[in-house]
Amino acid sequence: MESTDKPKNFIRGIIDRDLAEGKNKSRIHTRFPPEPNGYLHIGHAKSICLNSGIARDYKGKFNLRFDDTNPCAEEQEYVDSIIADVKWLGADWEDRLFYASDYFEEMYAYAVRLIEKGKAYVCDQTLEEVREYRGTIKETGKDSPYRSRTPKENLELFERMSKGEFPDGSKTLRAKIDMKHPNLLMRDPVMYRILHEEHHRTGSKWCVYPMYDWAHGLEDSLEKITHSICTLEFETHRALYDWFLDELEVFHPQQIEFARLNLSHTVLSKRKLLRLVNEGYVSGWDDPRMPTLAGVRRRGYTTESIRNFCDTIGVAKMNSIVDIVVLENSIREELNKTAPRAMAVLEPLKVVITNYPEGQEEELDAINNPEDTAAGTRKVPFSKELYIEKDDFQEEPHKKFFRLAPGREVRLRYAYFVTCTDVIKDEKGEVREVHCTYDPETRGGDSPDGRKVKGTIHWVSAKHAYEAEVRLYDHLFAERNPNDVEEGKDFLESLNPQSLETRKKCYLEPGLKTADKGNRYQFERLGYFTADPVDSKPGSPVFGRIVSLRDTWAKVSKKA
RNA sequence: UGGCGGGUAGUGUAAUGGUAGCACCGCAGCUUUUGGAGCUGCUUGUCAAGGUUCGAAUCCUUGCCCGCCAGCCA
C-alpha cells in the first residue's frame, strides 16, 4: 500500500498479495451480509468499516446484502434499521442492495444440479436421528439410511418438498459428503429444511428455505464477491463453503475470517439485546444506553467517531476484548475539537454578588470553542444572582482545591473576579448560598493590574437560566465482561446498576433553549451532552450525556 | 487419542529473517479563562524450551495455554 495512513491488517495483506498476483483480474469486491433479525451494534460497525473501507481504499465495490434465509426471526423493521445504520456509517453500496431471498430460484436450480450429480439427497430422518447419526467430536457418524436414494428419487422428492407436500421437519435435503469426516460440518450437512413460514419478502412462495452454508457461498459467488470476510466462528465452515462452490464449479470467492469485536462492560449479542428490548429494560433498540448503532447515534456518537474507533482497534484473528474507554476516547477526541462550549449547572449553589447593582443586567462575550476560533463567540447574560456548581465551592478547601472558598478570589469564566465574603447556612448547617463581591475592573475575566486567580468557575445567571432536563445514564449496559457471566446466572444480574438512567433538572445558559435535536455541546467541566433527537421538544431540548465519567469506569473496573 | 484457528507491554494492534513501533490506559513535569483540554517525557512486551541462521516475534520441533465446532440458526 502506498499510503501509510490507511489501516494495516492481515486482510489487507492478503488483498495486496492477490492484487500483486493479478487474482480475479485485480478486482476487489466485498460485502456486508447481515441477517435482518435485530438491530446492528458496534460489533457490526467493525465489519462494515472493514468491508466498505477495503472497497473504498482499493477502488473496489461493496455490497449490502440481507442474508434472509430464515423467515422465523426476520422482519422488515430490521431491514429498514440496518439500511439506515449502514448508510449512517457512510458505507456506500451504490445500487447494490441485495437479498438472499432474491436468489432462492437460482439456489434451487443449483441444488437440483447437485442432486443430479449424486452429491445431495433427500433425508427423512428426524431431528433427533440426524443428531444421533452425526456422531460427536470424538466419534464418527453413521450414514443415513436414505443416503442411497437415486438422483431420480431425490429430484422427485425435493420437488414435492418445495411444493409443500410434507410437513415441517419431516424431510431435509442434505449434501452427500462424508459421515466420518473429522469436521462435523462435513457430515452430510442440511442444505434445505421445510418451513411453512411467511417470509418478510417472498411471502408464502417458498416452504423450503436454504441453510446458511448452502446459501452463503452461492450468494457471494453470484455477486462475484472476491473476498468474503466473516468472523472467526465460521472458520470451520470454510471447508463446506469451498466444497459447495467446487462441486458446483462456479465463481469461487475466498472466505477470510477475523475476530469479532468484544467490548468490555458491553453486551454485544443480538439475543441478549433483544431480551433487553422485549423485557422492557430499555425503551427500545435505540435507547441511548444500548450499544446498537441506533443507540449510540442517539446518544450523540458521530459517524466519524465510530469509524475512527474501528480503525483504532484493528483487525486480527486473536480473540480479544477492547476496553470501552477506547470507544469513549474516540468520541471525546472528536467532540473536544468540534463541540461548542456552554455553561451549565447540575447541582446549583446560589451566589449573590452583593456589590452588583440591584436590577442591573449585562451581556458578556464567551468563546464558543477554544479549540476552534472559527466557532466565534456568544453573549451570556450576567446579573446579581447566579448559580454555580456546588462542587466549585468548599467551605474548608482541601490543599489542591483552587476554586471558590471563604475569602478567596476566583474568576467567573468570561465575567468577573469575585471574592467570597459570606456563607449562608440553613438550620442543618448546610450551605444555602454564598455571598461575593466582584471587581468591576475585571470585566471579561482579566485584571488590569495583572493579578492572578488560581481558579476559574462556570456559572449561569439565576434570572436568565433555562431550566432543562438532563439524563445521566451511564455507559451502555455494562457487565464485568461481555461473555463472562457466572455459570447458571442470568446475564441481567450482572448489568451495571449505574447504567440506570437518572433524570434531573439543570440550569443552562439561555441560548441553549433553541438547541437543535442532535446538537452536541461540552458543558464546561461537566462533560459532553447532546440534545436528544427523540425526546426533545421544540424550545425545550432534553440533554443526555454522551460520554460517561472516566472515574466512574475506573471505579467499576476496580470493583470488578 | 477429533478437527480448525490463535498466543507481541495493563489493553488493543504493527513489524513476512535485519533497530520490537503505534494507540489507549498509567505515571511525571510544564501549561491553560475551569480540563477529562494542550505540550513534553517515562515505565512496561515477543507463552516456554530446544533447533536452523551472521542475525528469529517471524522459519522448524516439542510442550503449555486460549477460542471455535456436535441447530433442520446465521
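Note that this is a predicted model, so its numbers are computed, not measured. Quick note on labels: first sequence line is chain A, next is B, and so on, each numbered from 1.
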_With a 3.5 Å limit on both atom pairs, tell me what B/G41 is paired to, counting Watson-Crick and G-U wobble, or say none._
B/C27
*If the plane angle is over 60° it's perpendicular, under 30° parallel, otherwise tilted; pick one for A/His237 and A/Tyr212.*
perpendicular
*Test for a donor-acceptor pair under 3.5 Å between the base of B/G35 and the side chain of A/Gln522, counting only N and O atoms.*
yes
*Tell me which of A/Pro370 and A/Tyr192 sits closer to the 5' end of RNA chain B, going by the nucleotide each one is nearest to.*
A/Pro370
*Considering only atom C1', compute the distance from B/A20 to B/U44 and round it to an integer number of Å.*
13 Å
_Nearest-Å distance for atom pair CG/C1', residues A/Leu127 and B/A70_ = 12 Å
*Pick from A/Asn154, A/Asp188, A/Thr172: which one makes a side chain to side chain donor-acceptor pair (under 3.5 Å) with A/Tyr121?*
A/Asp188
*Considering only atom C1', compute the distance from B/C27 to B/C4 and round it to an integer number of Å.*
43 Å
*Is a salt bridge present between A/Glu362 and A/Arg443, judged by a nitrogen-to-oxygen distance below 4.0 Å?*
yes
*asked:* Could you check whether the side chain of A/Arg341 and the base of B/U33 have a donor-acceptor pair of N or O atoms closer than 3.5 Å, going by distance alone?
replied: no
*asked:* What is the distance, to the nearest angstrom, from the CG atom on A/Asn308 to the C1' atom on B/C22?
replied: 15 Å
_Classify the ring geometry of A/His41 against A/His44: parallel below 30°, tilted from 30° to 60°, perpendicular beyond 60°._
tilted
*asked:* If I pick the C1' atom on B/G26 and the same atom on B/U58, what distance separates them, to the nearest angstrom?
replied: 30 Å
*asked:* Rounded to whole Å, please give me the gap between CD in A/Glu233 and C1' in B/C66.
replied: 16 Å
*Take atom CZ of A/Arg201 as the centre, draw a 6.0 Å sphere, and report whether it contains more than 12 heavy atoms from other residues, nucleotides or ligands.*
yes
*Distance between the C1' atoms of B/C59 and B/G18, in whole angstroms?*
15 Å
*asked:* Can you measure A/Leu273 atom CG to B/A74 atom P for me and round it to whole angstrom units?
replied: 20 Å
_Interatomic distance at P, B/C60 relative to B/C25, whole Å_ = 38 Å
*Taking the side chain of A/Ala316 as its heavy atoms from C-beta onward, which of B/A14, B/G67, B/A74 lies nearest to it?*
B/A14
*Which whole-number value in Å describes the distance from A/Glu524 CD to B/G36 P?*
13 Å
*Please measure how far the C1' atom in B/U8 lies from the corresponding atom in B/C47, and state the result in whole Å.*
10 Å
*Euclidean distance for C1', B/G45 against B/G7 (whole angstrom)*: 13 Å
_Starting the side chain at C-beta, find the nucleotide from B/C69, B/G67, B/C24 nearest to A/Glu235._
B/G67
*CZ of A/Phe158 versus P of B/C72: gap in Å, rounded?*
16 Å
*A/Glu328 CD to B/G35 P: how many Å, rounded?*
20 Å
_Say we look at B/U46 and B/G10: how far apart would their C1' atoms be, to the nearest angstrom?_
16 Å
*Quickly work out the A/Ile313 CD1 to B/C22 C1' distance and round it to whole Å.*
15 Å
